[in-house]
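Beneath this line is the structure, given in structure tokens, with notes to follow.
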Amino acid sequence: MGYNVAIDGPAGAGKSTIAKLVAKEKGYIYVDTGAMYRAMAVHFLNQGIAPEDTQGIIDACEDAFISIKYEDGVQQVYLNGENVTSMLREERVGNMASLSSAVPQVRQKLLELQRGLAEKEDVIMDGRDIGTNILPHADVKIYLTASVATRAKRRYDELKEKGIDCDYDEIAHDIEERDRRDMNRETAPLKQAKDAILVDSSEMTIEEVVAEITRHCR
């Protein structure tokens with residue numbers, strides 16, 4: 001049996017950054033769920049399926065197997081035995097992933113693959129519904145959050161550093177709207193699992209958050 005850590009929380013809370021650092025610290029596999037959706041999109045594109053062909057997407061789910069491995073400390077994503085990591089950031093793949101991820105059968109297929117990986121390996125997974133839906137029996141559940149003001153400031157600073165012109169108030173409004181959508185969506189809404197440990201990173205450094213989470217892990 002694998003040892004499983006689930007990190008949930010709202011957009012901009014730093015879940016992926018923290019999960020990757022904890023994975024490195026503890027020797028877990030970081031399950032990049034976004035990369036898995038993109039690998040599934042590669043599968044559909046390889047078969048010449050159009051984004052609007054919902055039935056074609058549903059049928060193609062049947063023969064897709066996606067796994068994540070670490071080679072020389074770098075994440076590699078495999079689709080039916082082929083390393084497709086270099087293709088995941090292509091624009092056409094991102095577009096297909098965005099559209100195909102709305103198909104319930106795609107989410108179900110990836111749910112099965114993610115659970116299968118977690119059964120065999122020590123993993124850490126982040127998202128909106130990991131502890132409540134994908135890994136309800138995870139050994140450790142974390143709900144990582146931060147105030148809207150903190151998350152907006154982090155995003156604002158990140159964009160400014162890249163030379164992108166942005167407006168703080170607009171970013172804060174977008175974050176509030178996304179929180180509302182995520183918490184009220186019909187399928188697997190964002191919420192703190194009853195047995196999750198609340199970590200509010202508003203006044204914490206990245207190092208402090210990593211230390212707080214790792215102390216709860218074996």
Side-chain angles (χ1 to χ4, degrees), residues 2-46 61 64-103 106-136 138-144 154-155 158 178 182 187-188 190 199 201 206 209-210 213-214 217:
Y3 184 82
N4 301 165
V5 179
I7 300 182
D8 290 307
K15 299 184 297 295
S16 296
T17 299
I18 297 300
K20 288 172 186 173
L21 290 169
V22 173
K24 188 175 182 180
E25 178 90 8
K26 303 296 290 184
Y28 303 152
I29 288 179
Y30 169 63
V31 180
D32 187 339
T33 53
M36 294 182 80
Y37 275 102
R38 284 174 173 265
M40 188 68 88
V42 172
H43 178 62
F44 301 144
L45 290 167
N46 284 349
C61 284
F65 182 78
I66 296 160
S67 61
I68 295 176
K69 300 176 183 178
Y70 278 80
E71 297 170 5
D72 299 323
V74 179
Q75 175 182 277
Q76 303 294 330
V77 181
Y78 284 81
L79 167 65
N80 293 334
E82 179 190 355
N83 189 329
V84 295
T85 309
S86 63
M87 301 173 65
L88 300 185
R89 292 298 158 191
E90 292 179 12
E91 189 173 351
R92 67 190 185 106
V93 172
N95 291 336
M96 173 61 96
S98 178
L99 293 164
S100 61
S101 64
V103 178
V106 173
R107 302 184 75 87
Q108 182 60 35
K109 177 67 176 185
L110 285 172
L111 171 64
E112 292 167 6
L113 291 172
Q114 289 156 9
R115 284 178 176 166
L117 185 60
E119 282 177 12
K120 296 179 291 191
E121 306 283 354
D122 296 341
V123 305
I124 184 165
M125 207 179 295
D126 71 278
R128 306 282 191 280
D129 63 340
I130 308 301
T132 56
N133 182 45
I134 296 178
L135 299 178
D139 299 276
V140 176
K141 296 180 186 178
I142 303 292
Y143 190 83
L144 179 63
R154 288 172 182 167
R155 182 64 177 153
E158 181 186 333
R178 187 164 179 181
D182 286 346
T187 304
L190 168 66
V199 177
S201 68
I206 289 175
V209 176
V210 170
I213 292 174
T214 53
C217 303

Under 3.5 Å, which donor-acceptor pairs link side chains of residues 110-118 to any protein atom two or more places apart or in another chain?
unit_1: Glu112; atom_1: OE2; unit_2: Gln108; atom_2: NE2; d: 3.4
unit_1: Arg115; atom_1: NE; unit_2: Ile134; atom_2: O; d: 2.8
unit_1: Arg115; atom_1: NH2; unit_2: Asn133; atom_2: O; d: 2.6

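- Nearest heavy atom pair, residue Tyr30 against residue Gln75, reads O-OE1, 3.4 Å.
- Distance check: Met36 CE to Leu79 CG gives 10.5 Å after rounding to the nearest 0.5 Å.
- Taking each heavy atom of Val5 and Cys217 in turn, the nearest pair found is CG2-SG, 3.9 Å.
- Annotation: side-chain contact (heavy atoms from CB on, under 4.5 Å) contacts of Glu158 (sequence neighbours excluded): Arg155, Lys162.
- The two residues Lys109 and Cys61 come nearest to each other via the heavy atoms CE-O, 3.1 Å.
- Asp8 pairs by the side chain to side chain donor-acceptor pair (under 3.5 Å) definition with nothing, not counting sequence neighbours.
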Considering only distance and modelled atom types, tabulate donor-acceptor pairs under 3.5 Å from the side chains of residues 20-28, sequence neighbours left out.
unit_1: Lys26; atom_1: NZ; unit_2: Arg218; atom_2: O; d: 2.8
unit_1: Tyr28; atom_1: OH; unit_2: Arg218; atom_2: O; d: 3.4

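- A donor-acceptor pair is defined here as one N or O able to donate and one able to accept, closer than 3.5 Å; no such pair exists between the side chain of Lys69 and the backbone of Tyr78.
- Applying the side chain to side chain donor-acceptor pair (under 3.5 Å) rule to Ser201 yields the partners Arg154; only residues at least two apart in sequence or on another chain are considered.
- Every residue two or more places apart in sequence or in another chain that forms a side-chain contact (heavy atoms from CB on, under 4.5 Å) with Ala11 is listed here: Arg128, Arg178.
- Checked against salt bridge (charged side-chain N to carboxylate O under 4.0 Å, His left out), Lys141 has the following partners two or more places apart in sequence or in another chain: Asp195.
- For the atom pair CG of Asn4 and CD1 of Ile29, the computed distance is 11.0 Å after rounding to the nearest 0.5 Å.
- Summarising the geometry, atom CD1 belonging to Ile213 is positioned 4.0 Å from atom CD1 belonging to Ile7; distances are rounded to the nearest 0.5 Å.
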Please output the side-chain donor-acceptor pairs of residues 87-98 that fall under 3.5 Å, not counting sequence neighbours, one pair per line with the distance.
unit_1: Glu90; atom_1: OE1; unit_2: Arg92; atom_2: NE; d: 3.0
unit_1: Asn95; atom_1: ND2; unit_2: Glu91; atom_2: O; d: 3.4

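- For Asp126 against Ser16, the heavy-atom pair with the smallest separation is OD2-OG, 3.1 Å.
- Residues Val84 and Ala39 share a closest heavy-atom pair of CG2-CB, 4.2 Å.
- Distance check: Ile142 CD1 to Ile18 CD1 gives 11.0 Å after rounding to the nearest 0.5 Å.
- Rounded to the nearest 0.5 Å, atoms OH (Tyr37) and CD1 (Ile66) are 10.0 Å apart.
- Listed by chain and residue number, nothing satisfies the side chain to side chain donor-acceptor pair (under 3.5 Å) test with Ser101 (two or more places apart in sequence, or in another chain).
- Contacts of Tyr3 classified as side chain to side chain donor-acceptor pair (under 3.5 Å), with partners at least two apart in sequence or in another chain: none.
- Thr85 contributes atom OG1, which lies 12.5 Å from atom CZ of Arg38 (distance to the nearest 0.5 angstrom).
- Of all non-hydrogen atoms in Leu144 and Pro10, the two that sit nearest each other are O-CD, 3.4 Å.
- Checked against salt bridge (charged side-chain N to carboxylate O under 4.0 Å, His left out), Arg107 has no partners two or more places apart in sequence or in another chain.
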> Can Thr132 and Asp129 be said to form a side-chain contact (heavy atoms from CB on, under 4.5 Å), step by step?
Replying inline: CA-CA 5 Å; Thr132 56; Asp129 63 340; 3.6 Å; yes
